[in-house]
Amino acid sequence: MKFVLVAGARPNFMKIAPIMEAFQVRRQSSPGFEVLLVHTGQHYDHKMSDDFFKDLGIPEPDINLGVGSGTHAQQTARIMVGFEEVCMQHQPDWVIVVGDVNSTMACTITAKKLGIRVAHVEAGLRSRDMSMPEEINRLCTDVLADLLFTTDRIADENLRREGVPQERVVFAGNTMIDTLLRHAERARATQLPEGVEDNEFAVFTLHRPGNVDDVQKLRGICGAVAEVAQRIPIVFPAHPRTLARLKEFGILEQFGNGANVRLISPLSYLPFLGLVMHCRMVLTDSGGIQEETTVLGIPCITLRSNTERPITCEIGTNILVGNDPVRIRDAAFSVLDCTSRGGSIPEKWDGQAATRIVDRLLSEMNTTGGPAAPIGH
Ligand code: UD1
């Protein structure tokens, strides 16, 4: 049986690492399968891609489509054209996609139209916010996938309500947390940026188009962050999109001399996780960081008005504040004043998710081991 595992953008890499590893472990006892790793090249900077492969010990991709940046349609189309060739040439039985980026959706559509079965890891997350490209990617992927691996019971329920047959849904846990638990000690030992003291700084990340592409919103958020920085130093690893907008809108000087905000390049996996482990709180609009901080018990102030990961608010350390500067500042101050709550860890976020996923996929060898539907019709 042949599997193709797809990764495209930064948040995918920590989700595929433990899946690759679990396949390698199982190969010793059940050798009758092959795995090809395809990198679409959606993210291509060393700091956004190669460094993650090195930190996480992911083998070199077998194929890199090198699609690069572009509009959503350009990027999605380039991935589809490249991935169709891969599927035609290698004829996999299963394509495995993770997360919610353009690569996830593009490879799902391509595979299904060739009659290839698709497994989606991190299925069923819903923000109900159709202005997010990721929400469109999640909906398209889940409606087509044959096997849907979920990270929590809320996602199971979302899929059930959308009419996905229950036998296609597998509550497996969270592969990103597998990676976090596996690398926690190495991450904790990484050097903090110079002049930054343990538990005496906050981390800030921002990259959602809804926050960074609008000058007023970006200015408001940065103003609030500069105010928070008057009480605690802030480390800000800037995403390329965000840095470009800060320059374009002339907002970068808000973080100039004396602002107490340390703007640095994007960090690879281990130094970033180490930074979060040692910080007092995180301000972010990321999806994955909401989950990582929940597991680490670090307060997370999320600069979005919705989340596809509500479990991190219900039982974790996450607080949604949107992009209103006053709410951002007040939430940060209340964390600094120690009035915020701790949290607990969601079920099956235990380091074993990838093993459950791979075992379920390999069980398909016994039940549906024959060739996939004909390709190219
Ligand atoms: C993508 C994902 C998002 C994820 C994020 C993490 C989609 C729709 N969005 O958003 O879900 O949270 O990755 O980073 O798939 N760029 C570089 N170097 C790179 C990659 C991108 O400079 O290696 C620049 C691009 O030129 C572009 C901008 O960053 O200007 C955005 O990149 P893109 O991949 O389109 O989307 P992200 O905002 O990174």
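Counting starts at 1 for both ligands and their atoms, in listed order. Numbers for residues simply follow the sequence, beginning at 1.
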To the nearest 0.1 Å, how far is [atom] from its closest protein heavy atom, and which atom is that?
atom                    : answer
atom 17 (C) of ligand 1 : Tyr44 OH, 3.3 Å
atom 21 (C) of ligand 1 : His43 CD2, 3.8 Å
atom 2 (C) of ligand 1  : Val101 CG1, 3.7 Å
atom 38 (O) of ligand 1 : Arg241 NE, 3.2 Å
atom 5 (C) of ligand 1  : His207 NE2, 3.6 Å
atom 22 (O) of ligand 1 : Pro240 CB, 3.3 Å
atom 11 (O) of ligand 1 : Glu134 OE2, 2.6 Å
atom 18 (N) of ligand 1 : Asp45 OD2, 3.0 Å

Atom 30 (O) of ligand 1 touched by protein heavy atom at under 4.0 Å: no

Which atoms of ligand 1 are found less than 4.0 Å from any heavy atom of Arg10? 14 (O)

As an exercise, identify every atom of ligand 1 less than 4.0 angstrom from a heavy atom of Pro11. 4 (C), 6 (C)

Classify the angle between the aromatic ring planes of [X] and [Y] as parallel (below 30°), tilted (30 to 60°) or perpendicular (above 60°).
X      : Y      : value
Tyr269 : His183 : perpendicular
Phe204 : Phe255 : perpendicular
Phe52  : Phe13  : tilted

Would you say His72 and ligand 1 have an N/O pair spaced under 3.5 Å apart? no

If you measure every N or O of Ser69 against every N or O of ligand 1, does any of those distances drop under 3.5 Å? yes

For Arg304, does its backbone N or O pair with a side-chain atom of Asp285 as donor and acceptor, under 3.5 Å? no

Heavy-atom distances under 4.0 Å are what count here, so tell me which part of Ser49 touches ligand 1: side chain, backbone, both or neither. neither

Steps toward ring-ring contact (aromatic ring centres under 6.0 Å, His included) verdict (Phe23, Phe33): CA-CA 9 Å; Phe23 270 127; Phe33 66 90; 5.5 Å; yes

Taken in chain and number order and not counting sequence neighbours, the residues that satisfy side-chain contact (heavy atoms from CB on, under 4.5 Å) with Gln254 are Arg219, Cys222, Ile251

From Thr355 atom OG1 to Glu21 atom CD, the distance as rounded to the nearest 0.5 Å: 8.5 Å

Between Gln75 and Ser69, is a side chain to side chain donor-acceptor pair (under 3.5 Å) present by the stated rule, with each step listed? CA-CA 6 Å; Gln75 195 173 57; Ser69 300; 5.0 Å; no

Run the ring pair (Phe, Tyr, Trp, His ring centres under 6.0 Å) test against Phe249 and tell me which residues pass, sequence neighbours left out. none

